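Note that the structure is predicted; figures quoted are calculated from it, not measured.
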Amino acid sequence: MSTEANKTIALRYIDIINEWDLDALGEVIDKENFKEHNPAWGALSFDQALGTYQMLKAALPDLHFGGPPVLVIAEDDLVVIKGGVSGTHTGAPLFGVPATGKQLSWTGMDISRIANGKIVERWLEANMLGLMQQVGVIPPPG
């Protein structure tokens with residue numbers, strides 16, 4: 001596939017998550033072979049990765065990924081997206097902290113590897129330290 005087609009697939013994944021249309025994930029993810037590498041939770045299968053999104057969505061009902069992407073780069077079968085994530089902590093506890101009502105935002109970057117028109121692997125990096133400081137799990141510096 002072309003790099004432009006791969007960009008479209010990676011960006012569609014973010015749209016599907018933002019729309020919370022989980023039934024549509026099969027359009028862009030190879031669920032059988034999918035692996036997500038996330039420093040906060042380790043290497044995850046499709047179902048495990050979906051569980052982390054469901055946990056975030058329960059804590060941040062207005063969860064929004066991509067906000068908008070700051071940077072999208074594609075080469076060969078890889079697409080890199082750097083952007084923001086935001087949501088209001090009005091739902092379930094997050095990192096053990098009851099809902100704070102705070103608007104939270106953090107930046108992140110993901111790399112998606114695409115094969116046969118579907119995402120088969122993702123590597124995520126997110127500013128979890130900044131998120132935990134906003135929630136109050138870790139005190140901010142100073």
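Remark: Asp77 engages Arg113 in a side-chain contact (heavy atoms from CB on, under 4.5 Å) (not counting sequence neighbours). Residues forming a ring-ring contact (aromatic ring centres under 6.0 Å, His included) with Phe95 (at least two apart in sequence, or on another chain): none.
Side-chain atoms of Gln134 come within 3.5 Å of backbone atoms of Ser105 as a donor-acceptor pair (strictly under, hydrogens ignored). In this structure, the side chain of Asn18 engages the main chain of Phe65 through a donor-acceptor pair within 3.5 Å. Using modelled atom types, no side-chain atom of Asp30 and backbone atom of Val120 make a donor-acceptor pair closer than 3.5 Å. Listed for the Lys31 side chain is no donor-acceptor partner under 3.5 Å among the backbone atoms of Phe46. No donor-acceptor pair closer than 3.5 Å links the side chain of Thr88 to the backbone N or O of Thr90.
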Q.
Using side-chain contact (heavy atoms from CB on, under 4.5 Å), reason through Trp20 and Gln54 one step at a time and then give a plain yes or no.
A. CA-CA 10 Å; Trp20 208 245; Gln54 290 169 325; 3.9 Å; yes

Q) How far apart are the C-alpha atoms of Val70 and Thr107, what are their side-chain angles, what is the distance that settles it, and do they pass the side-chain contact (heavy atoms from CB on, under 4.5 Å) test? A) CA-CA 10 Å; Val70 176; Thr107 58; over 6 Å; no

Q) When you look at Leu94 and Met55, which way does the side-chain contact (heavy atoms from CB on, under 4.5 Å) test go after all the steps? A) CA-CA 8 Å; Leu94 185 60; Met55 179 270 302; 3.9 Å; yes

**Q.** Evaluation steps, side-chain contact (heavy atoms from CB on, under 4.5 Å), between Ile9 and Val79
**A.** CA-CA 9 Å; Ile9 291 164; Val79 178; over 6 Å; no

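The minimum heavy-atom distance linking Gly91 with Pro61 is given by the pair N-CD, 3.9 Å. Between Ala59 and Pro93, the shortest heavy-atom contact is CB-O, 3.9 Å. In terms of heavy atoms, Lys118 sits closest to Ile29 at CD-O, 3.6 Å. In terms of heavy atoms, Ser112 sits closest to Asp110 at OG-OD1, 3.6 Å. Between Gln133 and Pro141, the shortest heavy-atom distance links the atoms NE2-CD, 3.3 Å. Closest approach of Gln103 to Ser86, counting heavy atoms only: NE2-CB, 3.6 Å.
Follow the hydrophobic side-chain contacts under 4.5 Å out from Met1 and you reach Val28 in the same cluster. Hydrophobic cluster membership differs between Ile73 and Leu11, with clusters built from Ile, Leu, Val, Met, Phe, Trp and Tyr side chains linked at under 4.5 angstrom. Both Ile14 and Val72 belong to a single network of hydrophobic side chains, linked directly or stepwise wherever heavy atoms of I, L, V, M, F, W or Y lie under 4.5 Å apart.
Under the 4.5 Å side-chain criterion, counting only non-hydrogen atoms from C-beta, Leu131 is in contact with Val135. For the pair Val85 and Leu63, the minimum side-chain heavy-atom distance is below 4.5 Å.
In this structure, CG in Leu22 is found 6.0 Å from CD1 in Ile17, a value given to the nearest 0.5 Å. Rounding to the nearest 0.5 Å gives a distance of 11.5 Å between OG1 of Thr52 and CG of Asp47. Within the model, atoms CG of Leu124 and CD1 of Ile81 stand 10.5 Å from one another, a figure rounded to the nearest 0.5 Å. Here the CD1 atom belonging to Ile138 is positioned 4.5 Å from the CE atom belonging to Met132, to the nearest 0.5 angstrom. The distance from the CG atom of Leu78 to the CG atom of Asn6 is 8.5 Å, given to the nearest 0.5 Å.
One finds a salt bridge joining Glu19 and Arg12 here, because a Lys/Arg side-chain nitrogen approaches an Asp/Glu carboxylate oxygen to under 4.0 Å.
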Using a 3.5 Å cut-off and no angle test, enumerate the donor-acceptor pairs between side-chain atoms of residues 36-45 and protein atoms at least two apart in sequence or in another chain.
| unit_1 | atom_1 | unit_2 | atom_2 | d |
| --- | --- | --- | --- | --- |
| Glu36 | OE1 | Tyr53 | OH | 3.3 |
| Glu36 | OE1 | Arg122 | NH1 | 3.0 |
| His37 | NE2 | Glu121 | OE2 | 2.7 |
| Asn38 | OD1 | Ala40 | N | 2.8 |
| Ser45 | OG | Gln48 | N | 3.3 |
| Ser45 | OG | Gln48 | OE1 | 3.4 |

